[in-house]
Colleague: 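Sharing a structure below in C-alpha cells format, with a few things to ask.
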Amino acid sequence: MAYDPLLASMSASGAWCSDAFTLASIPGMGAGAIATRPIAAGTPLFHLPLSYLLTPWTSALGPALAADGGKEAWESLADKGWAPLILAMMYESSLGDRSKWAGYLKTMPSEFGAPMWWSDEELEGLKGTDIEDRIGKASAHELYSTTLEPLMRSHPAVFPPSEHFTLHSFHVQGSRILSRSFTVPRTRAGGPPPGTDEDGDEEEEDEIAVMVPMADMLNAAYEMDNARLFADGGDDDDAEGVVENTEFGEGYTMITTKDIAAGEQIYNTYASPPNSELLRKYGHVDDLPLPDSILSLLTPGELGGHPFGNAGDDVEVPGDLVLAAAAGSGLEQRVEWWLEEGQEDVFSLGYPDEEDALPPAFIAFARLLSSDAEWTRAQSKGKLPRPTLDVTSSNIIGKAIAARRAKHVTTLEEDLAIIAGPPGRQRDAAVVRLGEKRVLGVMGRLVAAEEERLRKQEKDEAKAARSAKRKADDAGRAGKRRR
Ligand SMILES: C[S@@+](CC[C@H](N)C(=O)[O-])C[C@H]1O[C@@H](n2cnc3c(N)ncnc32)[C@H](O)[C@@H]1O
C-alpha cells in the first residue's frame with residue numbers, strides 16, 4: 001500500500017509503530033490517521049528515535065559538503081532560518097533510495113493549497129486579509145538565488161544537475177516545512193549546545209524546525225485534537241507525566257490524549273490558528289460549526305445562513321490605522337516612545353471571551369495617542385497608560401476597526417455566495433474574508449456600544465454635577481436670605 005515505504009523506513013531506523021491506527025486517504029484532507037480499534041487516552045501510537053528526525057544535523061548533507069571542502073559554506077547557512085533544512089531535504093531527495101528518509105520522502109506531497117502556489121488572479125481573493133502581505137514568495141526566491149543557488153553551483157559534485165536542485169524543488173521543500181515541520185530544542189535535533197554570553201552564563205537554547213516522519217501525517221481541526229507529540233526524556237512541560245510511562249528511549253512519541261473510537265480520525269493540534277494563518281501555512285481553512293456564544297454575536301447579514309467558521313479567527317489592526325484614527329499632530333513622538341518600550345505595532349482582535357474583549361495593549365495605545373495626561377505620565381514615570389477605555393479612546397479604536405474593515409474589497413454577500421459554491425481556492429479565500437469581517441463586525445459593535453455607554457455615563461455625571469451645583473447654589477442663596 002501507499003504508505004508501506006514510510007513504515008519500512010521507520011522500522012529500519014529503529015522507530016516503533018502501533019497497529020492501533022492506519023493511514024488512509026480522507027476526503028478533502030489528503031492522508032490522515034484512523035483508529036483501527038478503540039484506543040484509550042494515554043496510549044502511545046508511534047515512537048521515533050532522535051536520529052530519525054530529519055534535521056540539518058542528522059542529514060547526510062553536512063558530511064557530504066565537508067568532504068567536498070564545503071564545511072564553511074554549510075556552516076554559513078546556520079543563521080539563514082530554514083535554509084539548511086531546505087537544502088538538506090533537497091539533498092536527501094536527490095539520494096533516492098540511498099537516503100535514510102527515502103520511504104518518508106516518498107509519502108510527502110508535492111502539491112500544496114497554500115497561497116505561495118496561487119496564481120495572481122487567485123491571490124486577488126486575499127486582498128485586504130491578513131495573509132495579503134505575508135506570503136513571502138519574493139523573500140523565499142531571494143534566499144534561493146542569493147544563498148542556496150551559489151552554494152550549490154560551487155559544489156557540483158554534491159549537487160549535480162538534477163530536478164531536486166531547482167527553484168521549484170526549493171519551493172516544494174519550503175512548503176513541506178511550512179505545513180509539516182515541528183520545532184524542537186536545537187540539541188535534540190542533533191545541533192550544538194548553546195554557547196555562553198559575555199558574563200559566562202549559558203545562553204538559552206533555541207528551537208528549530210525539523211521534520212518528524214509519521215507525526216506529520218496527522219491532520220488537525222479547531223480543538224479536535226486527540227493525540228499529541230511528546231518528548232521522551234522529559235523536556236516537554238505539557239507532558240503531564242504521560243511520558244514517564246513510555247518504555248521508549250530518547251525521541252518523540254505520539255500519544256493519545258483522549259479516548260478514540262474505532263474508525264475515528266486521530267488529530268494532532270496545529271495550535272488552533274485563525275483561518276488566515278491556516279491557509280497561509282497549511283493551505284486549508286476550518287469551516288466548522290460555530291458555538292452559540294459566537295453565533296449570537298453575529299448580525300443576520302454576517303451569519304448569512306452559514307453558521308460555520310473558525311472560532312479561533314482573528315484579525316490584525318495595524319498601529320498606523322490607530323494613529324490615523326487619532327488624527328492629532330505630533331503623535332509620532334508618542335508612537336516612537338511606545339515602540340521603544342518594546343510594544344507591538346499591530347493589535348490582534350478575536351471573538352470576545354468573557355474576560356477580555358479588546359487587547360489591553362490596544363486600549364493603552366489608543367489612550368497614549370488621545371490623552372495628553374497619559375502621555376505626560378508615560379514620559380515622567382515610564383509607565384504604559386492604563387488599559388481602561390474612555391470615550392475618546394473607544395472612538396479611536398472604533399475608527400481604526402472601521403478602517404481595517406474598509407481594506408476588504410468584497411461584500412459579505414459576495415463572500416457568502418462564493419462559500420455556498422464549490423470547494424477550492426476561491427472559497428477558501430472567501431472563508432478567510434468572512435471570518436475577518438465577522439470578527440471586525442462583532443468588535444466594532446462592541447466598541448461602539450461601550451463608547452455609547454461611556455458617553456451616556458459622562459453626560460449623566462455632568463448632569464448630576466450641574467444639579468448638585470444648583471442645589472448648593474440654592475442652599476447658599478436660602479442661607480443668605482435667612483441671615
Ligand atoms: C501535517 S500534514 C497532515 C497530513 C496530510 N493530510 C498528508 O496528506 O500528508 C498537513 C496538511 O494536511 C492537510 N490538512 C490537515 N488538516 C486538515 C483539515 N482539517 N482540513 C483539510 N486539510 C487538512 C493540509 O493539506 C495540511 O497542509
Side-chain angles (χ1 to χ4, degrees), residues 1-7 9-10 17 21-35 45-46 48 53-54 82 85 89 93 101 103-118 122 131 134-136 171-184 209-229 252 254 260 264-290 308-313 419 422-432 435:
M1 120 192 190
Y3 309 106
D4 284 349
L6 171 62
L7 296 171
S9 151
M10 283 176 72
C17 195
F21 76 97
T22 186
L23 295 176
S25 174
I26 296 173
M29 295 191 186
I34 302 287
L45 296 174
F46 52 88
L48 309 161
L53 307 187
L54 174 45
W82 290 353
L85 183 58
M89 290 172 69
S93 300
W101 292 276
Y104 168 54
L105 292 164
K106 275 182 197 153
T107 57
M108 290 243 232
S110 295
E111 285 175 11
F112 305 89
M116 176 74 105
W117 299 89
W118 291 19
E122 287 166 338
I131 319 180
R134 285 197 210 149
I135 298 170
H171 280 310
V172 166
Q173 304 299 358
S175 292
R176 289 174 173 178
I177 297 172
L178 186 63
S179 60
R180 311 174 77 88
S181 63
F182 289 72
T183 53
V184 305
V210 302
M211 305 308 287
V212 186
M214 187 56 99
D216 63 5
M217 294 306 286
L218 270 57
N219 296 314
Y222 185 78
E223 289 186 351
M224 280 167 73
D225 52 295
N226 47 20
R228 281 228 0 238
L229 191 67
Y252 285 90
M254 185 65 72
I260 302 173
E264 231 182 280
Q265 183 166 188
I266 304 174
Y267 287 110
N268 190 6
T269 175
Y270 299 166
S272 301
N275 273 339
S276 53
E277 214 34 21
L278 261 185
L279 187 58
R280 185 185 74 82
K281 290 175 76 176
Y282 301 95
H284 70 274
V285 291
D286 274 350
D287 200 27
L288 304 169
L290 288 170
F308 304 96
N310 181 339
D313 263 340
I419 290 169
R425 292 177 176 178
Q426 274 215 36
R427 186 180 185 280
D428 287 347
V431 169
V432 170

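Numbering starts at 1 and runs along the sequence shown. In each ligand, atom 1 is the first atom listed, and ligand 1 is the first ligand listed.
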Colleague: Closer than 4.0 Å to some heavy atom of Y282 - which atoms of ligand 1 meet that?
Modeller: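 What qualifies from ligand 1 is 24 (C), 25 (O), 26 (C), 27 (O).
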
Colleague: Taking atom CD of Q265 as the centre, does the number of heavy atoms from other residues, nucleotides or ligands within less than 6.0 Å exceed 12?
Modeller: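 Yes - once you tally the heavy atoms of other residues, nucleotides and ligands closer than 6.0 Å, there are more than 12.
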
Colleague: Counting only heavy atoms closer than 4.0 Å, does ligand 1 sit against the backbone of M29, its side chain, both, or neither?
Modeller: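 Both backbone and side chain of M29 come within 4.0 Å of ligand 1.
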
Colleague: Just to confirm my output: which protein heavy-atom neighbour is closest to atom 15 (C) of ligand 1, and how far is it?
Modeller: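 Result: N219 OD1, 3.0 Å.
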
Colleague: Got the closest protein heavy atom to atom 20 (N) of ligand 1, with its distance?
Modeller: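 Ranking protein heavy atoms by distance from atom 20 (N) of ligand 1, first comes H284 CD2, 3.4 Å.
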
Colleague: Can you tell me which residue and heavy atom of the protein come closest to atom 8 (O) of ligand 1, and the distance to 0.1 Å?
Modeller: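 Its nearest protein heavy-atom neighbour is A31 N, 2.7 Å.
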
Colleague: For atom 11 (C) of ligand 1, which protein heavy atom lies nearest, and how many Å away is it?
Modeller: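 For this ligand atom, the closest protein heavy atom is Y270 OH, 4.2 Å.
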
Colleague: Taking the non-hydrogen atoms of G28, is any one of them nearer than 4.0 angstrom to ligand 1?
Modeller: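 Heavy atoms of G28 do come under 4.0 Å of ligand 1.
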
Colleague: Around atom 1 (C) of ligand 1, find the nearest protein heavy atom and jot down its residue, atom name and distance.
Modeller: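 Residue, atom and distance for the closest contact: D216 O, 3.1 Å.
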
Colleague: Of the side chain and backbone of A220, name the one, both, or neither that has a heavy atom under 4.0 Å from an atom of ligand 1.
Modeller: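 Under 4.0 Å from ligand 1, A220 contributes backbone atoms alone.
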
Colleague: Answer side chain, backbone, both or neither: which part of L218 comes under 4.0 Å from ligand 1, heavy atoms only.
Modeller: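 Answer for L218: backbone.
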
Colleague: Any idea how Y270 and Y282 line up, ring-wise: parallel (<30°), tilted (30 to 60°), or perpendicular (>60°)?
Modeller: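 Taking Y282 first and then Y270, their aromatic rings lie parallel (interplane angle under 30°).
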
Colleague: What atoms in ligand 1 come closer than 4.0 Å to a heavy atom of S179?
Modeller: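 Close to S179: 1 (C), 10 (C), 27 (O).
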
Colleague: Applying side-chain hydrogen bond (donor to acceptor under 3.5 Å, both in side chains) to R176 and S110, what does each step give before you reach the verdict?
Modeller: CA-CA 8 Å; R176 289 174 173 178; S110 295; 3.2 Å; yes

